[in-house]
Number of protein chains: 2
Amino acid sequence: MGKRIVPDIVVARLPLYLQTLKQLQREGEYTTSSNGLGKRIDISAAQIRKDLSHFGEFGKQGTGYAISYLIEQLEEILNVNQVWDMALVGVGFLGHAIANFRGFNSHGFQVKLIFDNNPTVIGSNIAGFIVQDSNKMEEIIQEHNVKVAMITVDSDHAQEVADRLVKSGVKAILNYAPVTIKVPEGVQIQYIDPIIELQHMTYYLD
Amino acid sequence: MGKRIVPDIVVARLPLYLQTLKQLQREGEYTTSSNGLGKRIDISAAQIRKDLSHFGEFGKQGTGYAISYLIEQLEEILNVNQVWDMALVGVGFLGHAIANFRGFNSHGFQVKLIFDNNPTVIGSNIAGFIVQDSNKMEEIIQEHNVKVAMITVDSDHAQEVADRLVKSGVKAILNYAPVTIKVPEGVQIQYIDPIIELQHMTYYLD
DNA sequence: GTATATAAGTTAAATTTATCACAAAAAAAT
DNA sequence: ATTTTTTTGTGATAAATTTAACTTATATAC
Ligand SMILES: NC(=O)c1ccc[n+]([C@@H]2O[C@H](COP(=O)([O-])OP(=O)(O)OC[C@H]3O[C@@H](n4cnc5c(N)ncnc54)[C@H](O)[C@@H]3O)[C@@H](O)[C@H]2O)c1
Ligand SMILES: NC(=O)c1ccc[n+]([C@@H]2O[C@H](COP(=O)([O-])OP(=O)(O)OC[C@H]3O[C@@H](n4cnc5c(N)ncnc54)[C@H](O)[C@@H]3O)[C@@H](O)[C@H]2O)c1
């Protein structure tokens with residue numbers, strides 16, 4: 001109860017808090033405060049406290065937050081106190097980079113399946129994975145009970161691939177193709193698009 | 001006058017409008033409406049009209065928006081009615097993918113310079129660019145008057161690289177390393193981080 | 001030609017989001 | 001032991017953002 005009423009904009013900030021806490025931990029810190037954390041990421045202390053207050057009380061007055069405890073709690077809230085297997089569809093340049101990216105592992109994710117529709121790529125070994133035929137996506141994804149996927153195909157095929165992922169039972173899609181995708185209620189979608197970010201910045205340049 | 005008072009959250013949506021308009025154009029459409037555009041990207045018609053109203057009047061009652069005209073106008077607003085030369089720092093797996101990405105060109109950007117600090121990479125040809133020594137970043141970037149850069153080095157070196165980019169006169173940085181970076185007032189920074197997006201989504205999964 | 005439908009731009013209202021300010025608690029200093 | 005400082009969690013307030021409603025203009029149907 002109460003989980004659904006947390007504003008999405010608050011949820012969106014939690015991963016950044018988690019990332020920063022982990023970094024503080026790597027730097028040898030054991031505690032921090034809403035102020036200290038906020039300074040790192042340019043977010044007001046009040047906002048951080050307000051955000052966390054949606055989920056419980058994690059700090060101690062006068063002291064602040066025990067970093068390892070807050071990390072644990074945030075990982076639980078974000079459901080990354082487990083490792084999500086992921087499917088990657090499209091092994092071009094970008095898919096290749098992502099398949100080789102080792103950074104997912106310690107943050108709740110791991111690539112498990114890789115698909116492409118190009119016969120010259122299917123069957124080859126990329127980053128330790130055998131590239132599978134995307135025609136068999138539905139059965140293979142279902143069989144492995146994969147719920148999270150990344151799309152790195154050209155934008156012309158992104159919607160079609162998304163549809164098939166949804167049919168396969170995937171509930172969260174990270175789409176790198178520069179196109180908006182329709183998914184049914186209950187399926188999460190997020191976008192990564194450098195051009196969107198670059199154009200956002202050039203607005204402020206002359 | 002009045003440019004600075006447009007809320008950033010509005011500015012952030014403009015590139016998405018532009019992307020979608022370009023796609024409609026590729027599909028052979030000549031006009032659209034706030035309603036039609038909004039349906040594509042799940043944004044209310046009222047919001048689109050409100051957003052655009054910050055910059056002028058671009059539509060026609062009863063008809064909607066002439067796509068090619070609105071594209072032109074948005075490109076001008078976002079300062080992408082020109083091509084921005086970009087520097088790319090860090091040519092690992094991800095940098096390799098970005099260097100080879102052809103999608104920037106038609107949207108106001110082009111990779112111009114590539115840097116790395118690894119002697120075995122420096123001097124090699126990647127996607128038609130000779131990888132330059134990142135020790136010489138300052139002078140080379142200044143010489144080419146590059147104002148936009150992408151960081152694809154490991155997170156331990158991202159801040160240091162950002163500092164040097166700023167010193168070189170770069171005014172907009174797209175950072176792929178999973179770490180928050182400090183830049184002086186007047187320098188734009190945006191982040192691309194798949195883990196942040198994935199964790200945002202897994203919150204909603206069980 | 002008139003009526004109906006479409007759709008922009010805008011003003012006002014509603015909603016959401018962020019900030020402020022303070023009481024309570026703990027820690028540090030005197 | 002007492003005072004001062006730090007810091008959380010929160011209720012109240014302020015600010016920002018979105019939605020809805022309305023006016024005006026254009027286009028289409030009859
Ligand atoms: N490379 C980048 O740095 C970069 C950056 C941002 C966005 N993107 C976007 O990411 C996507 C991929 O970029 P890329 O440079 O790797 O392109 P790419 O052409 O190198 O790779 C695309 C891959 O997808 C495969 N594919 C196409 N249709 C498919 C389908 N229906 N099912 C399975 N596989 C399919 C192709 O065989 C190919 O291997 C594009 O949409 C691009 O716009 C790329
Ligand atoms: N590969 C991905 O899919 C992916 C996805 C998301 C984020 N990232 C992030 O992007 C960054 C790069 O990832 P990657 O997989 O390409 O790593 P990588 O190790 O393959 O590449 C890093 C490159 O940066 C260079 N480098 C390091 N320090 C440098 C410096 N001071 N100056 C110039 N060059 C320097 C290295 O020589 C290397 O070539 C990392 O921060 C990673 O977390 C990568």
Side-chain angles (χ1 to χ4, degrees), chain A residues 2-18 20-21 24 29-74 77 200 203-204, chain B residues 2-18 20-21 24 29-74 77 200 203-204:
Chain A
K3 195 174 183 187
R4 280 299 104 86
I5 58 142
V6 177
D8 182 66
I9 197 160
V10 172
V11 175
R13 278 189 293 263
L14 300 182
L16 182 60
Y17 300 162
L18 179 54
T20 311
L21 288 163
L24 283 164
E29 302 291 326
Y30 289 93
T31 62
T32 187
S33 64
S34 57
N35 205 268
L37 184 56
K39 287 251 174 67
R40 282 288 267 243
I41 52 182
D42 257 306
I43 290 182
S44 80
Q47 173 124 83
I48 291 173
R49 293 200 303 276
K50 217 3 162 11
D51 285 353
L52 295 176
S53 77
H54 284 99
F55 304 97
E57 306 189 358
F58 308 111
K60 201 170 160 188
Q61 283 149 323
T63 316
Y65 301 94
I67 289 175
S68 65
Y69 177 68
L70 189 49
I71 287 175
E72 264 174 39
Q73 295 297 305
L74 284 172
I77 291 165
H200 181 178
Y203 171 81
Y204 296 101
Chain B
K3 193 173 183 187
R4 281 298 106 88
I5 58 142
V6 177
D8 182 65
I9 198 163
V10 172
V11 175
R13 280 190 293 264
L14 300 183
L16 182 60
Y17 299 163
L18 178 54
T20 310
L21 288 163
L24 283 164
E29 302 291 325
Y30 289 94
T31 62
T32 188
S33 64
S34 58
N35 206 269
L37 184 57
K39 287 250 174 67
R40 282 288 269 241
I41 52 181
D42 257 306
I43 291 182
S44 80
Q47 173 126 86
I48 291 173
R49 293 201 301 276
K50 196 79 204 285
D51 284 354
L52 294 177
S53 77
H54 285 97
F55 304 97
E57 305 188 359
F58 308 111
K60 201 170 159 189
Q61 283 149 325
T63 314
Y65 301 95
I67 290 176
S68 65
Y69 177 70
L70 189 50
I71 287 175
E72 263 175 40
Q73 294 297 305
L74 284 172
I77 291 165
H200 182 179
Y203 171 81
Y204 297 101

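To find a chain, count down the sequence lines: A is the first, B the second, and so on, and within it residues start at 1. The basis for the numbers below is simple: all heavy atoms, side chains too, and nothing from hydrogens, waters or symmetry mates.
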**Study point:** side chain to side chain donor-acceptor pair (under 3.5 Å) contacts touching residues 65-74 of chain B (sequence neighbours left out)
**Key:** none
Point to revise | d(CG, B:N35; C1', D:dA20) in whole Å | key: 14 Å
Point to revise | Whole angstrom value for the distance that separates P of C:dT16 from CD1 of A:I5 | key: 12 Å
Contact list (N/O, under 3.5 angstrom) for nucleotides 17-20 of chain C vs protein:
residue	atom	partner	partner atom	Å
C:dA18	OP1	A:R13	NH1	3.2
C:dA18	OP2	A:R13	NH1	3.4
C:dA18	OP2	A:R13	NH2	2.9
C:dA18	OP2	A:Q47	NE2	3.1
C:dT19	OP2	A:S44	OG	3.2
C:dT19	O4	A:K50	NZ	3.3

Check your understanding: Hey, is the side chain of B:S34 poking within less than 4.0 Å of OP1 or OP2 on C:dA8, counting only N and O atoms?
Key -> yes
Check your understanding: So do B:Y203 and A:V10 actually touch side chain to side chain, heavy atoms under 4.5 Å?
Key -> no
Revision key, fill the gap. One should read off an interatomic distance between A:L37 CG and A:L52 CG, to the nearest 0.5 angstrom, of 8.0 Å
Between N or O atoms, less than 3.5 Å apart, protein on one side and nucleotides 23-26 of chain D on the other: list the pairs.
residue	atom	partner	partner atom	Å
D:dT24	O2	B:Q61	NE2	2.6
D:dA25	O4'	B:Q61	OE1	2.6
D:dT26	O4'	B:Q61	O	3.1

Practice item. Could you list the residues that satisfy side chain to side chain contact (heavy atoms under 4.5 Å, CB included) with A:S33, not counting sequence neighbours? Key: A:N35
Practice item. Supply the atom-to-atom distance A:R13 CZ to A:D51 CG, rounded to the nearest 0.5 angstrom. Key: 4.0 Å
Exercise for review: Return the set of residues passing salt bridge (charged side-chain N to carboxylate O under 4.0 Å, His left out) with A:D42 (not counting sequence neighbours), or none when no residue passes.
Suggested key: B:K182
Exercise for review: Evaluate the side chain to side chain contact (heavy atoms under 4.5 Å, CB included) criterion for residues A:H200 and B:D8: first the C-alpha distance (whole Å), next the side-chain angles of each, then the deciding distance (0.1 Å), finally the verdict.
Suggested key: CA-CA 9 Å; A:H200 181 178; B:D8 182 65; 2.8 Å; yes
Practice item. Give, ordered by number, those residues of residues 64-72 of chain A having at least one heavy-atom distance below 4.0 Å to an atom of DNA chain D; if nothing qualifies, reply none. Key: A:G64, A:Y65
**Study point:** side chain to side chain contact (heavy atoms under 4.5 Å, CB included), paired with A:L18, selected from A:L70, A:I77, A:L74
**Key:** A:L74
Point to revise | Nucleotide D:dT10, atom P - distance to CZ of A:F58 in whole Å | key: 11 Å
Point to revise | Integer-rounded Å distance: D:dT8 C1' and A:L37 CG | key: 14 Å
**Study point:** Atom-pair distance (CG on A:L52; C1' on D:dT10), nearest Å
**Key:** 13 Å
Practice item. Could you pull out all residues at least two apart from A:K60 that satisfy side-chain hydrogen bond (donor to acceptor under 3.5 Å, both in side chains)? Key: none
Review point. Mind checking what makes side chain to side chain contact (heavy atoms under 4.5 Å, CB included) contact with A:S44, not counting sequence neighbours?
Key: A:A46, A:Q47
**Study point:** Euclidean distance, atom CZ of residue A:F55 to atom P of D:dT8 [Å, nearest integer]
**Key:** 17 Å
Study note, to complete from the structure: Hits for salt bridge (charged side-chain N to carboxylate O under 4.0 Å, His left out) against A:R49, two or more places apart or cross-chain, chain-then-number order -> none
